[in-house]
There are 2 protein chains.
Amino acid sequence: MNLRELEYLVAVDDERHFNRAAQRCFVSQPTLSGQVKKLEDELGVLLIERNTRQVSMTDVGLAVAQQARKILTEVKAIKEITQSFEDPMAGELQVGLIPTVAPYLLPLIMPAVNLNFPKLTLWLHEYQTAVLLDKLNKSELDLLILALPVETDEFSEIDLFEESFWLAVPHHEALGRKKNIHLIDLDEQEMLLLEEGHCLRGQALDVCFSAGATENNRFRATSLETLRHMVSEGLGMTLLPELSVPKKRSKKDSIQYIPFNDPKPRRRIGLIYRKGSYREETYQQLAKIIKKLFL
Amino acid sequence: MNLRELEYLVAVDDERHFNRAAQRCFVSQPTLSGQVKKLEDELGVLLIERNTRQVSMTDVGLAVAQQARKILTEVKAIKEITQSFEDPMAGELQVGLIPTVAPYLLPLIMPAVNLNFPKLTLWLHEYQTAVLLDKLNKSELDLLILALPVETDEFSEIDLFEESFWLAVPHHEALGRKKNIHLIDLDEQEMLLLEEGHCLRGQALDVCFSAGATENNRFRATSLETLRHMVSEGLGMTLLPELSVPKKRSKKDSIQYIPFNDPKPRRRIGLIYRKGSYREETYQQLAKIIKKLFL
DNA sequence: TACACTAATAGATATTTTCGATTTATTAAT
DNA sequence: ATTAATAAATCGAAAATATCTATTAGTGTA
């Protein structure tokens, strides 16, 4: 078997036309026809049903073409591997982030990343922790930015920064007058939280639990911004991670943002990747740049 | 690039010796040397550090060889794909089972499977549910036999059979006199259970909870057979899945096995595989044969 | 210095891939 | 029925590639 044969097969599956497929592969039609036939002979099955009027794939053909695509993708990866050794800070990276971090962190770090590593292209993906871990595992993603710790020994972690929680209260609430608050001030309070699946929900629940607060079970927000709108509508208070707290705040805002006194409740944000990945150097340098911004 | 070049590279990585690597590939040493050099030229990096005395892989070389192995494995899979279309009931299958099912189910089904599908080779793997699902996801396994339901939409399920739970009590216990028992007879009883990680533990806990029984927290068994020995030593009672209950029982056994009256507590055992797998036909037929044994 | 071992090189040969030209088959239009 | 248009298969020559044997060159050891 041969990688070119596989390319030809994939081209036929895409084009459903031998001539066009051949053009796409920059070879003549007889060449492509011949190689496809050779592949069929070697495998001992008919991959493509064809007459002079129409081309269609057999069931086996479809399955083999699918596998061929996978193989060709893995082959491309070889070139990326070697390039990443030549220059660790060049190439493409599939990065996954959790939704409660991505929109607030990316504007902060992307300019610095692009400036320092102009040859590095980041493809950004936003999913909840469980999905991210699965995709990292399956090598669909290379690198995750999420809340630590993650209990698994298949991945390596790098700490990035710690993020405190702030209290977001509607303007009219008594608590909104305070400049700082203590955890115990939350005792007996009812909090709005995110829906199931967001790791932030679990972290906030922990804080609520240790402070003696409870969850408002009538509403659960699907995103941090929904949550913020709910607070702004006066429906209740919530905990927000520091990065999502606006830098410019005024006493007239419909939401008052209040920091905690020590010991501040907080979460760790970090970066994880598959243990022993050949891209380790890339990840370390990326982490270094991001950390610098939080000093 | 070329699959043969990748084979040569892997051979060198394995043998650390050009001559032996060449022999392993059934080519002459100059051929192998030349092709490896060609690969290095194409990738633009040194993969192997060599002089006439010793051969060692560079970091890039190791990473590329690793990727090459992956590719060659995927290529092999093509042949398996076509063969499985030729005859769905031929070839190799990586089957995963949970530890509370494997040792009791396999002796029952393997003779029938081997008889009906002599060309099918099953490789059997025993892990707890979470690990099985991960390996199925990563395509390290093709097929799982475990307790349903499994909450995920990436896999397809086929029901195999339902398995009732039996009560296993030490010979001397009062409950051991009974021929049948009701769930409510377990009220206030303390049960021995498996350690964390076994799905059977969760299923038994459910039963205990609904019956008003509690767990004995001083011991947790690592396997069903350990659990059975603990009961046999008189340390307490437990729930066992039907398949693990001996067919021949006597009143003199140190363990008395007692079935439940309706509604019997039970669990569903089934088979799952990746949705849309080209092996679907194979799995359906396997399921059919297994089901037949439980009619 | 001679020897044993190993990888690289050179030149010849064999194999495989490719191309252009042609053939065969099918459909649509006249 | 005939013709034209389209598309895939086939053929034979050429080009490209992989392989072989024989030889060379480098490295460590006795």
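Chain identifiers are assigned alphabetically (A, B, ...) following the order of the sequence lines, protein sequences preceding nucleic acid strands; residue numbering begins at 1 within each chain.
Taking atom CE on A:Met1 and atom C1' on C:dT17, their separation rounds to 17 Å, with Å as the unit. One interatomic measurement links the two molecules: NE2 of B:His17 to C1' of C:dA4, which rounds to 12 Å at whole-angstrom precision. Atom P of nucleotide C:dT18 and atom CZ of A:Phe18 are separated by 15 Å, given to the nearest angstrom. Residue B:Leu3 contributes atom CG, which lies 15 Å from atom C1' of D:dA18 at whole-angstrom precision. In this structure, CG of B:Leu32 is placed 10 Å from P of D:dC20, rounded to the nearest angstrom. What separates CZ of A:Arg20 from C1' of D:dT6 is a distance of 12 Å, to the nearest Å. A straight line from CD of B:Gln23 to P of C:dC5 spans 14 Å, rounded to a whole angstrom. Between B:Glu42 atom CD and D:dA18 atom P there is a gap of 10 Å when expressed in whole angstrom units.
For B:Gln29 and C:dA8, a side-chain-to-base donor-acceptor distance below 3.5 Å is present, hydrogens and geometry of angles not being considered. The base of D:dA7 is not paired with the side chain of A:Gln54 by any donor and acceptor separated by under 3.5 Å.
Taking only side-chain nitrogens and oxygens, B:Tyr8 comes nearer than 4.0 Å to OP1 or OP2 of D:dT19. Regarding contacts with the backbone of C:dC19, a side-chain N or O of A:Thr31 is found under 4.0 angstrom from either OP1 or OP2. Of the side-chain N and O atoms in B:Asn51, none sit less than 4.0 angstrom from OP1 or OP2 of D:dA25. Phosphate proximity of D:dT19 to B:Arg4: present, with a side-chain N or O under 4.0 Å from OP1 or OP2.
Listed nucleotides: D:dA8, D:dA18, C:dT18. Nearest to the side chain of B:Asn2: D:dA18. For B:Ser28, taking side-chain heavy atoms from C-beta onward, the closest of the listed nucleotides D:dA18, D:dT21, D:dA7 is D:dT21. The B:Arg50 side chain lies nearest to C:dA7 when the options are D:dC20, D:dA18, C:dA7. For B:Val55, whose side chain is taken as the heavy atoms from C-beta onward, the closest listed nucleotide among C:dC19, C:dT17, C:dA7 is C:dA7.
Nucleic acid contact for B:Arg53: base, since at least one base atom lies under 4.0 Å from a heavy atom of the residue. Among the heavy atoms of the strands lying under 4.0 Å from B:Gln35 are primed sugar atoms or P, OP1, OP2 only; no base atom is included.
If you find the closest nucleotide of DNA chain D to B:Pro30 and to B:Lys38, the one lying nearer the 5' end belongs to B:Lys38.
Side chains of A:Asn137 and B:Asn137: no donor on one and acceptor on the other come within 3.5 Å. No side-chain donor from either of A:Gln23 and A:Arg20 sits under 3.5 Å from a side-chain acceptor of the other. Judged purely by distance below 3.5 Å, without hydrogens or angles, the side chains of A:Gln67 and B:Glu74 pair a donor atom with an acceptor atom.
Ion pairing between B:Glu154 and B:Lys275 fails under the 4.0 Å rule for side-chain N and carboxylate O.
Residue B:Met89 forms a side-chain contact (heavy atoms from CB on, under 4.5 Å) with just one option from B:Asn116, B:Thr282, B:Ile289, B:Val113, and that option is B:Thr282.
Using the six-membered ring where Trp is involved, B:Tyr278 and B:Phe85 have ring planes that are parallel, under 30° apart on the 30 and 60° scheme.
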